[in-house]
Amino acid sequence: MPKFADRIKTMEGTATIIRDLFGAMTDPNIISFGGGAPAKEALPVDALHKICNDVMADPALSITALQYGNPQGYLPLREAICKYLLEPKEIDCDPERVLITTGGLETMNLICQIFINPGDVILVETPTFVHCVEVFEMFQARCVSVECDDFGMILDDVEAKIKQFHPKIIYVVPTFQNPTGKTLPVDRRKKLAELGSQYDVIILEDDPYRDIRYSGTDLPPIKTFDQTGNTVLANSFSKIFSPGARLGYVLATRELISLFFQIQTATISHTSMLTQVLCAEFFHRGYYPDHLKKICQIHRERCNKMMECLDTYFPEGTRHTYPDGGLFTWVELPGGLDTKELLPEAIQRKVAYVAGEGFYTDPGKGTNAMRLSFSAVLPEKIEIGMQHLGNLFRSRL
Ligand SMILES: Cc1ncc(COP(=O)(O)O)c(C=O)c1O
């Protein structure tokens, strides 16, 4: 076997975490708070059943769906994104500045191809979304973590680290963050966009959870404060439509979109036309507003159940977020409990979570923390799983 490329070594740590995460998610005997999948009841099966039939019965649409397509993405889908997802948030957009990606994660890959040489710095939150860090590491970027408080990135530290490390990109998940469920307040969103412009850094705003809100008020995306094109908005259809459809999009300047276009064409040609057509039909036929209400309702109930169980079953001194939306809560255990060490025992008790350590780019942090996802577990199973975890943690104190 020839020697592997250097990037395989840099990706090793994060790759193991992601493998474990999917492993626990797919075992039917385990109550898994591990993955980040939406509830299966929140997938639009009936609507898609009808749309699929209609599309295949339509002589023109069926061919569009099954043929090669425009590398920038199917125009009706880019129009739907502007009309139904971006304009309601007062984001200045037009379909020419939108490119369709194969899931939100592809945007991370494409943007690294545009900006990242080995050793270039990307500032990330503490803790941050491990899957994107894996992509950044594949490009041999150096991920430097920014201090965060209960509301996300502390901007004095962002500015200090911009001056110290001269990053190319600042990666941020501003709404119901993965893994913590925290939301960046509006003043920090505005300031972050300004810092991007002032220091000529890309603010990579990754916002797949923003519409899945259970309480509180909607906040403007960072992109609405961008005056110079330095903020790039990445989003995904995984949580509001279907993760299996592998659809995402990116909004950026025309200049950047033409580079995204060039690189995507060179790597995968374009995103699946079949899923783009189905998704565009879903939005243009007006299914989205009711669907969104339904998915918020399903996930809100699960979120509430998990909050209740945390307060009932977990040991005294446990700290956790009360997310206003999204799919995750972040838990910190008292008494020096080590979540990575306890995970095999939790799995023996048929419950899985993701240990916190893997979400930090600095070793040794988050040993007492864990990410819990409530989205894919029925409320009655949440109760059972949380009781088992609570008993385990209490017994170790
Ligand atoms: C913050 C964040 N960004 C990106 C992604 C990737 O999403 P996709 O399934 O669209 O690739 C996820 C998925 O969980 C996520 O949580």
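Counting begins at 1 with the first residue of the sequence. Not measured: the values here are computed from a predicted model. In listed order, ligands and their atoms are each counted from 1.
- When each of V250, V98, T101 is tested with F260 by the rule side chain to side chain contact (heavy atoms under 4.5 Å, CB included), just one qualifies, namely V250.
- Which parts of ligand 1 touch G103 is read off a 4.0 Å heavy-atom cut-off, strictly below it: atoms 10 (O), 11 (O).
- Counting protein heavy atoms only, atom 16 (O) of ligand 1 is closest to Y209 OH, 2.4 Å.
- In this structure, atom 2 (C) of ligand 1 lies nearest to the protein heavy atom D206 OD2, 3.3 Å.
- The environment of E90 atom CD is sparse: at most 12 non-hydrogen atoms of other residues, nucleotides or ligands sit within 6.0 angstrom.
- Using a 4.0 angstrom heavy-atom cutoff, F237 does not count as in contact with ligand 1.
- If you check which protein heavy atom lies closest to atom 6 (C) of ligand 1, you get L105 N, 4.0 Å.
- Heavy atoms of V173 found under 4.0 angstrom from ligand 1 belong exclusively to the side chain.
- Residues T321 and T329 bring a donor and an acceptor atom of their side chains to less than 3.5 Å of each other.
- The distance from ligand 1 to the heavy atoms of G104 drops below 4.0 Å at these ligand atoms: 8 (P), 10 (O), 11 (O).
- Between E345 and R396, at least one side-chain nitrogen of the basic residue sits less than 4.0 Å from a carboxylate oxygen of the acidic one, meeting the salt-bridge criterion.
- Contacts of M108 with ligand 1, taken as heavy-atom pairs under 4.0 Å, are absent altogether.
- Surrounding CD of E147 are at most 12 heavy atoms belonging to other residues, nucleotides or ligands under 6.0 Å away.
- Defined by atom type and a distance below 3.5 Å, a donor-acceptor pair is missing between the side-chain atoms of Y287 and D46.
- Judged by the shortest distance from any of its heavy atoms, H131 lies outside the 4.0 Å radius around the atoms of ligand 1.
- Using a 4.0 Å heavy-atom cutoff, P208 is listed among the residues neighbouring ligand 1.
- Contact annotation: K239 has at least one heavy atom less than 4.0 Å from an atom of ligand 1.
- Below 4.0 Å from some heavy atom of R246 lie the following atoms of ligand 1, by number and element: 8 (P), 9 (O), 11 (O).
- Ring geometry, W330 versus Y360: the interplanar angle falls from 30° to 60°, so the pair is classed tilted.
- Less than 4.0 angstrom separates some heavy atom of S238 from each of these atoms of ligand 1: 8 (P), 9 (O), 10 (O).
- The aromatic rings of F241 and F283 lie tilted to each other, with the angle between the two planes from 30° to 60°.
- Taking atom 5 (C) of ligand 1 as the reference point, the nearest protein heavy-atom neighbour is F129 CE2, 3.6 Å.
- In this structure, Q198 places its CD atom where more than 12 heavy-atom neighbours from other residues, nucleotides or ligands lie under 6.0 Å away.
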